[in-house]
**Q** 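Supplied in structure tokens, the structure appears directly below.
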Amino acid sequence: MSRIYLDHAATSPLRPEAHKAMEEGFAIWANPSSPHADGRRAKSALEDARDRVKSALDWEGEIVFTSGASEALALGLGRAKASRRIVSAVEHDAVFRAAPDAEMFDDNVALGKDCVLAIQHVNPETGTINPVSQMAGVVKQTDALVLSDCSQGAGKLPLPDVDMAVISAHKFGGPIGVGALLVRDFKLLEPTGGHERGYRAGTENLPAIMGMAAALEAGDWATSPQDRADFIGGLGDDVLKLGEQVDYIVPLVHPSMSAQALVIRLDAMGFAVSAGSACSSGTLKSSQVLAAFGVDEDIARRTIRVSAGWSTTVADLQGFAQAW
């Protein structure tokens, strides 16, 4: 039985364009920081990839390449020139790990130039789109910095207008283990020394960075927006609706079966889906994110996530709808 993979919000399969670019990167084996000819060749390829990532994302600021979104969040929240960290209640666990002492954002929190506010772009469990650009416009009037976790939106939606953004390559068909912190101006960060203009320690993973650039440039999907809209429409009232949502992350509520039982049963039927984000789907705890959205605990315990990506076909969507 052929399997159908519908867990792209956790990790999307590597695009062939990214695979090819990585092979080219492996042939450029020198350290980009080395001064000799081999190092300079690697450095040239690194900076070319940096320019391509900027162009693909329409980003005019700076880029610090990292090992993924978690490191980028740790850099952005840990090194921002601000004394207070404020986060929304629906952030990914990596945000709370990066800023364990952060204040929770609500209408009573006073913002100012001593603050960095973390607001995600697309929620990984519900697909809800936060109006980050609109919020950032208001927040910037207070001189606070805005950092947005764009892991689930980068390469699929335009980036919001923020001071810092975080991306992760394996969410859009790039390799695992590479991402970036996009920062409007380096003066917003305290330097750490080392590589990446002194803002990140550790030698750059050139093959993975080249793969990330190629994945962003590829862009095409096997399904159209209409295909995905038809799929969601066909699932009817079982779709958990929580504001404006993307068409590639779909939270589904079963009338009686628990999320854990659903994931096991669907896996046995040949479908890879999840119960929440990958970092917490193996636990029996109810979703903190769904609770923050105000979802009843009983409904949350019966909610799974179906997420499509670049390689998902119409037949995949139809097959799942039939099984559901």
**Q** Write down the atom of C115, the atom of A82, and the distance for their closest heavy-atom approach.
**A** C-CB, 3.7 Å
**Q** Which heavy-atom pair separates A80 from M164 by the least distance, and what is that distance?
**A**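 Closest heavy-atom pair between A80 and M164: CB-CE, 4.0 Å.
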**Q** Counting N and O atoms only, with roles assigned by atom type, does the side chain of W310 sit under 3.5 Å from a partner on the main chain of A218, one being a donor and the other an acceptor?
**A**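 Looks like no, no N/O pair under 3.5 Å.
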**Q** Take L216 and R52 through the side-chain contact (heavy atoms from CB on, under 4.5 Å) test and state the conclusion after the steps.
**A** CA-CA 9 Å; L216 279 171; R52 289 162 58 201; over 6 Å; no
**Q** Nearest 0.5 Å, what's the CG-OG1 distance between L240 and T126?
**A** 7.5 Å
**Q** I'd like to know if R85 pairs up with E103 as an ion pair, taking the criterion as any Lys NZ or Arg NE/NH1/NH2 lying under 4.0 Å from an Asp or Glu carboxylate oxygen.
**A** no
**Q** Apply the test side-chain contact (heavy atoms from CB on, under 4.5 Å) to residues I86 and L111: give CA-CA distance (whole Å), side-chain angles for both, the deciding distance (0.1 Å), then the verdict.
**A** CA-CA 9 Å; I86 302 171; L111 299 175; 3.4 Å; yes
**Q** Quick one, V273 with D7, criterion side-chain contact (heavy atoms from CB on, under 4.5 Å). Give me CA distance, side-chain angles, the key distance, then yes/no.
**A** CA-CA 5 Å; V273 299; D7 197 20; 5.9 Å; no
**Q** Tell me, yes or no, whether the heavy-atom count around K241 atom NZ, taken from other residues, nucleotides or ligands under 6.0 Å, exceeds 12.
**A**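 Atom NZ in K241 is packed in, count exceeds 12.
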**Q** Name all residues meeting the side chain to side chain contact (heavy atoms under 4.5 Å, CB included) criterion together with D296; count only those two or more places apart in sequence or in a different chain, and write none if there are none.
**A**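 For D296 the side chain to side chain contact (heavy atoms under 4.5 Å, CB included) partners, ignoring immediate neighbours, are D298, I299.
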**Q** Determine, for E60 against R184, whether the closest basic-nitrogen to carboxylate-oxygen distance falls under 4.0 angstrom.
**A**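 Judged by the 4.0 Å cut-off on N to carboxylate O distance, E60 and R184 do not form a salt bridge.
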**Q** What pair of heavy atoms forms the shortest contact from A69 to S168, and how long is it?
**A** CB-CB, 3.8 Å
**Q** Let me know which of E244, Q245, H121 forms a side chain to side chain contact (heavy atoms under 4.5 Å, CB included) with T128.
**A**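 It is Q245, the one option of E244, Q245, H121 that forms the side chain to side chain contact (heavy atoms under 4.5 Å, CB included) with T128.
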**Q** Per the side chain to side chain contact (heavy atoms under 4.5 Å, CB included) rule, which among L77, L75, I63, L73 passes with L181?
**A** L75
**Q** So does R79 get a backbone contact from the side chain of Y199, meaning a donor-acceptor N/O pair under 3.5 Å?
**A**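 Not confirmed, Y199 side chain does not pair with R79 backbone.
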**Q** Can you name the residues that form a side chain to side chain contact (heavy atoms under 4.5 Å, CB included) with K140, not counting sequence neighbours?
**A** A136, D161, D163
**Q** Count the heavy atoms of every other residue, nucleotide or ligand shown that sit under 6.0 Å from NZ of K113, and state whether that count exceeds 12.
**A** no
**Q** Could you check whether any side-chain heavy atom of N130 comes within less than 4.5 Å of a side-chain heavy atom of Q120, counting everything from C-beta outward?
**A** yes
**Q** Evaluate whether atom CZ of R265 has more than 12 neighbouring non-hydrogen atoms of other residues, nucleotides or ligands under 6.0 angstrom away.
**A** no
**Q** May I have all residue pairs that pass salt bridge (Lys or Arg N to Asp or Glu O under 4.0 Å) and include part of residues 24-44, sequence neighbours excluded?
**A** K43-E47
**Q** Looking only at the side chains, is there a donor atom on one of T11 and H170 sitting less than 3.5 Å from an acceptor on the other?
**A** yes
**Q** Can you tell me if CG on D220 sees more than 12 non-hydrogen neighbours from other groups inside 6.0 Å?
**A**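 Count over threshold, so yes.
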**Q** Which atom names give the shortest non-hydrogen contact between T192 and A201, and what distance separates them?
**A** OG1-N, 4.1 Å
**Q** Mind checking whether F186 and V64 have side chains closer than 4.5 Å, heavy atoms only?
**A**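 Yes, their side chains come closer than 4.5 Å.
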**Q** Would you say that more than 12 heavy atoms from the other residues, nucleotides or ligands in this model lie under 6.0 Å from the CG of D106, or not?
**A**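 Yes - once you tally the heavy atoms of other residues, nucleotides and ligands closer than 6.0 Å, there are more than 12.
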**Q** So do S311 and W221 actually touch side chain to side chain, heavy atoms under 4.5 Å?
**A**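 SC-SC contact between W221 and S311 ruled out.
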**Q** Evaluate the criterion side-chain contact (heavy atoms from CB on, under 4.5 Å) for residue pair H8 and V306; output intermediate values, then yes/no.
**A** CA-CA 8 Å; H8 287 255; V306 177; over 6 Å; no
**Q** With rounding to the nearest 0.5 angstrom, report the CD to NE2 distance, E204 to H195.
**A** 6.0 Å
**Q** Taking R228 first and then D247, would you say they form a salt bridge - that is, a charged N and a carboxylate O separated by under 4.0 Å?
**A**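 Salt bridge between R228 and D247, a charged N being under 4.0 Å from a carboxylate O: yes.
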**Q** Taking atom CZ of F271 and atom CZ of F320, what is their separation to the nearest 0.5 Å?
**A** 7.0 Å
**Q** Linking I/L/V/M/F/W/Y whenever any side-chain heavy atoms sit under 4.5 Å apart, do V289 and F105 land together?
**A** no
**Q** Would you call L147 and L117 a side-chain contact if the rule is heavy atoms closer than 4.5 Å?
**A**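 The answer is no; the side chains never approach within 4.5 Å.
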**Q** Looking at I167 and A154, what are the two nearest heavy atoms and their distance?
**A**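 Residues I167 and A154, closest heavy atoms: CG2-CB, 3.5 Å.
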**Q** Kindly indicate whether the side chain of I304, heavy atoms from C-beta on, has any atom under 4.5 Å from the side chain of L262.
**A**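 Side-chain contact under 4.5 Å: yes.
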**Q** Is there a chain of hydrophobic side chains (I, L, V, M, F, W, Y, each step under 4.5 Å between heavy atoms) that links I232 to I249?
**A** no
**Q** Has D227 got a side-chain atom pairing as donor or acceptor with S224's backbone, closer than 3.5 angstrom?
**A** yes
**Q** Would you say Q134 has more than 12 foreign heavy atoms packed within less than 6.0 Å of its CD?
**A**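 At most 12 heavy atoms, drawn from other residues, nucleotides or ligands, come within 6.0 Å of this atom.
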**Q** Looking only at non-hydrogen atoms, find the nearest pair between T303 and A259 and report the distance.
**A**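 Closest heavy-atom pair between T303 and A259: O-CB, 3.3 Å.
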**Q** Do the side chain of D316 and the main chain of Y5 share a donor and acceptor less than 3.5 angstrom apart?
**A** no
**Q** Are the side chain of K171 and the backbone N or O of A10 linked by a donor-acceptor pair below 3.5 Å?
**A** yes
**Q** Using 0.5 Å steps for rounding, measure from the CZ atom of R15 to the CZ atom of F172.
**A**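 The CZ atom of R15 sits 9.5 Å away from the CZ atom of F172.
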**Q** So H254 and W324, would you call those rings parallel, tilted or perpendicular, with 30° and 60° as cut-offs?
**A**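 Rings of H254 and W324: perpendicular, as their planes differ by over 60°.
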**Q** Could you tell me the separation between the CG atom of L206 and the CZ atom of F26, rounded to the nearest 0.5 Å?
**A**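 The distance works out to 9.5 Å.
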**Q** Considering only heavy atoms from C-beta outward, does the side chain of F96 approach that of E91 to under 4.5 Å?
**A** yes
**Q** Between M104 and F293, is there a shared hydrophobic cluster once you connect ILVMFWY residues whose side-chain heavy atoms come closer than 4.5 Å?
**A**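 Shared cluster, no.
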**Q** Quick check: is V116 connected to L189 through a chain of hydrophobic side chains (ILVMFWY, heavy atoms under 4.5 Å apart)?
**A**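 Hydrophobic grouping puts L189 with V116.
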**Q** Using a 4.5 Å cut-off on heavy atoms from C-beta on, say whether the side chain of S67 contacts that of R200.
**A**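 Result yes, sub-4.5 Å side-chain heavy-atom pair found.
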**Q** To the nearest 0.5 Å, tell me how far C150 SG sits from I119 CD1.
**A** 11.5 Å
**Q** Can I28 be reached from F65 by stepping across I, L, V, M, F, W or Y side chains whose heavy atoms are under 4.5 Å apart?
**A**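 Yes; I28 is reachable from F65 via cluster members.
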**Q** Is there side-chain contact between L6 and I4, with at least one heavy-atom pair below 4.5 Å?
**A**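 A side-chain contact exists here, since the closest heavy-atom pair is under 4.5 Å.
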**Q** Between R50 and E62, does any NZ, NE, NH1 or NH2 come within less than 4.0 Å of an OD or OE carboxylate oxygen?
**A**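 Not counted as a salt bridge, because no side-chain N and carboxylate O are separated by less than 4.0 Å.
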**Q** Do H92 and S151 get their side chains close enough for a donor-acceptor pair, meaning under 3.5 Å?
**A**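 No, no side-chain donor-acceptor pair sits under 3.5 Å.
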**Q** Between R301 and S258, is any side-chain donor less than 3.5 angstrom from a side-chain acceptor?
**A** no
